[in-house]
There are 2 protein chains.
Amino acid sequence: MARYQAGIRTEARIIDATRELLGEVGLEGTTLKAICDRAGVRAGSFYNIFDSKEEAIMRVVAEAIASVDPDPQGAGTDTVGELIKAYARFITGQSTVARIYLQTVVSGGLTDNDLAKRFLRHHERRVARFADAIRRTDPEIGVAEAGEDAELLLAALNGLAFHWMLQPAFDFTGHIRRIIDAHEWLRRRR
Amino acid sequence: MARYQAGIRTEARIIDATRELLGEVGLEGTTLKAICDRAGVRAGSFYNIFDSKEEAIMRVVAEAIASVDPDPQGAGTDTVGELIKAYARFITGQSTVARIYLQTVVSGGLTDNDLAKRFLRHHERRVARFADAIRRTDPEIGVAEAGEDAELLLAALNGLAFHWMLQPAFDFTGHIRRIIDAHEWLRRRR
DNA sequence: CTCGAACTTGAGTGTATGCTCAAATTAGAG
DNA sequence: CTCTAATTTGAGCATACACTCAAGTTCGAG
């Protein structure tokens with residue numbers, strides 16, 4: 001834990017370097033050497049501040065999770081459309097953090113139990129947020145149905161985000177508009 | 001390349017071991033030692049058959065990609081509902097291969113250019129397959145619109161599959177049914 | 001300015017990784 | 001059975017990995 005200004009600056013450089021590397025080369029390429037080279041420090045400095053490389057990585061992962069919802073205070077007032085647009089802004093606006101979110105959190109969870117648990121808790125909060133927004137617009141639909149709608153929305157959003165990450169020429173925002181339209185149409189079914 | 005029966009058996013054991021490990025511990029845990037231990041061979045035997053560890057892994061990845069569509073001969077005749085159900089069967093019925101598909105192919109693509117290209121080609125074929133099925137049922141809709149619908153369907157399917165992989169208690173098939181229903185409803189809009 | 005705490009370096013540790021290679025063993029054809 | 005090709009083993013190579021540690025340097029308070 002850094003106490004002097006110098007240490008605090010070093011800590012920030014290490015976190016920045018870790019974030020960039022996770023976004024560029026994923027978990028596998030984010031070695032201690034790569035982090036230290038990019039941050040301009042030696043391993044001993046790194047371990048003066050962090051107990052392990054994993055600690056630095058989990059800091060960046062936690063940051064990425066926190067970034068998906070840029071407006072936690074909006075809970076209880078926002079609409080589904082606003083939530084969808086906020087997600088789209090996150091994905092297209094902060095591509096490094098978004099890449100870390102998708103790659104490390106989502107798929108890292110397939111092989112890492114801690115990451116899996118962390119992501120599931122986060123996902124549940126996201127589903128609940130969307131379901132609240134759905135029921136606020138349509139109070140007559142049940143909690144379970146709203147939850148299912150929220151799951152489908154989030155699944156589609158995540159799937160589109162993956163495609164966009166792989167192929168930046170993919171028309172992500174166009175498909176986001178279609179999701180909003182489709183959601184509106186399905187509302188009229190009720 | 002194995003020529004005698006003994007070598008052919010060894011090759012199969014290595015591929016089986018690689019597949020299991022990729023499904024259980026992902027790319028990072030699939031070390032040469034782990035593969036050889038599980039296959040019951042030494043490294044020298046491995047390198048008598050494969051040029052590199054990567055060659056064995058790409059064999060298994062190619063197999064996973066080929067497995068997503070269990071019925072390539074159905075192209076031109078199948079319905080969207082059938083394609084969706086086939087995907088669901090793939091995900092729930094072969095969990096090791098499905099896990100490899102999602103984890104290695106889809107998200108591995110975020111950091112590996114070869115995997116990314118490979119997956120994008122595969123994804124385009126999948127989108128085209130779904131779009132064909134959509135237009136077969138609704139010939140009046142345009143190619144572009146059918147392609148967009150197909151993208152959304154596949155995005156949602158992939159997103160749900162990720163959730164199911166992370167949390168087997170998640171009601172994957174229930175959500176698949178809702179996707180089929182939603183798709184039918186959106187057809188009636190036209 | 002001094003002095004102790006914090007930070008940084010450089011050199012190293014122990015272990016794991018993918019891969020090589022020569023000798024030993026097995027397989028398969030005649 | 002012989003003999004050659006194929007396969008396998010065991011021992012090792014070179015390198016990379018996360019991390020340690022003592023000495024040197026910088027920081028910050030008094």
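We name chains A, B, ... by the order of the sequence lines, and we start the count at 1 in each one. All values below come from the heavy atoms of this structure, side chains included, with hydrogens, waters and symmetry mates left out.
Note that the first and last nucleotides of DNA chain D, 5' to 3', having any atom under 4.0 angstrom from a heavy atom of chain A are D:dC17 to D:dG28.
Note: CG (A:N48) to P (C:dC7) measures 5 Å, nearest angstrom. With rounding to whole Å, A:E28 atom CD is found 18 Å from C:dA16 atom P. One can place CD of A:E11 at 15 Å from C1' of C:dT8, the figure rounded to the nearest angstrom. Put simply, CD1 on B:I35 is 11 Å from P on C:dT17, counting in whole angstrom units.
Put simply, the side chain of A:D171 gets close to the backbone of A:G174: a donor and an acceptor are under 3.5 Å apart. Under a 3.5 Å cut-off, the side chain of B:T137 and the backbone N or O of B:A133 do form a donor-acceptor pair. Between the B:R136 side chain and the B:D78 main chain, a donor and an acceptor come within less than 3.5 Å of each other.
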>> For nucleotides 18-30 of chain C, give me one character per nucleotide, 5' to 3': B if any protein heavy atom sits under 4.0 Å from the base, S if the only such contacts are to the sugar-phosphate, - if neither.
In response: SBBB-----BS--

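By the side chain to side chain contact (heavy atoms under 4.5 Å, CB included) test, A:R177 pairs with no residue at all, sequence neighbours left out. Partners of B:R19 according to the side chain to side chain donor-acceptor pair (under 3.5 Å) rule, which considers only residues two or more places apart in sequence or in another chain, are B:D16, B:E63.
For CD of A:E54, the number of neighbouring non-hydrogen atoms (other residues, nucleotides, ligands) closer than 6.0 Å is 12 at most.
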Going by atom type alone, with no hydrogens or angles, which donor-acceptor pairs under 3.5 Å involve a side-chain atom of residues 159-168 of chain B and a protein atom two or more places apart or on another chain?
{"from": "B:H163", "atom 1": "ND1", "to": "A:H123", "atom 2": "NE2", "distance (Å)": "3.3"}
{"from": "B:H163", "atom 1": "ND1", "to": "A:E151", "atom 2": "OE1", "distance (Å)": "3.0"}
{"from": "B:H163", "atom 1": "NE2", "to": "B:Q167", "atom 2": "OE1", "distance (Å)": "2.7"}
{"from": "B:W164", "atom 1": "NE1", "to": "B:P168", "atom 2": "O", "distance (Å)": "3.3"}

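Side-chain nitrogen and oxygen atoms of A:R42 include at least one within less than 4.0 Å of the OP1 or OP2 phosphate oxygen of C:dG10.
Residue pairs meeting the ring pair (Phe, Tyr, Trp, His ring centres under 6.0 Å) criterion with at least one member in residues 96-118 of chain A, sequence neighbours excluded: A:F90-A:Y101, A:Y101-A:H122.
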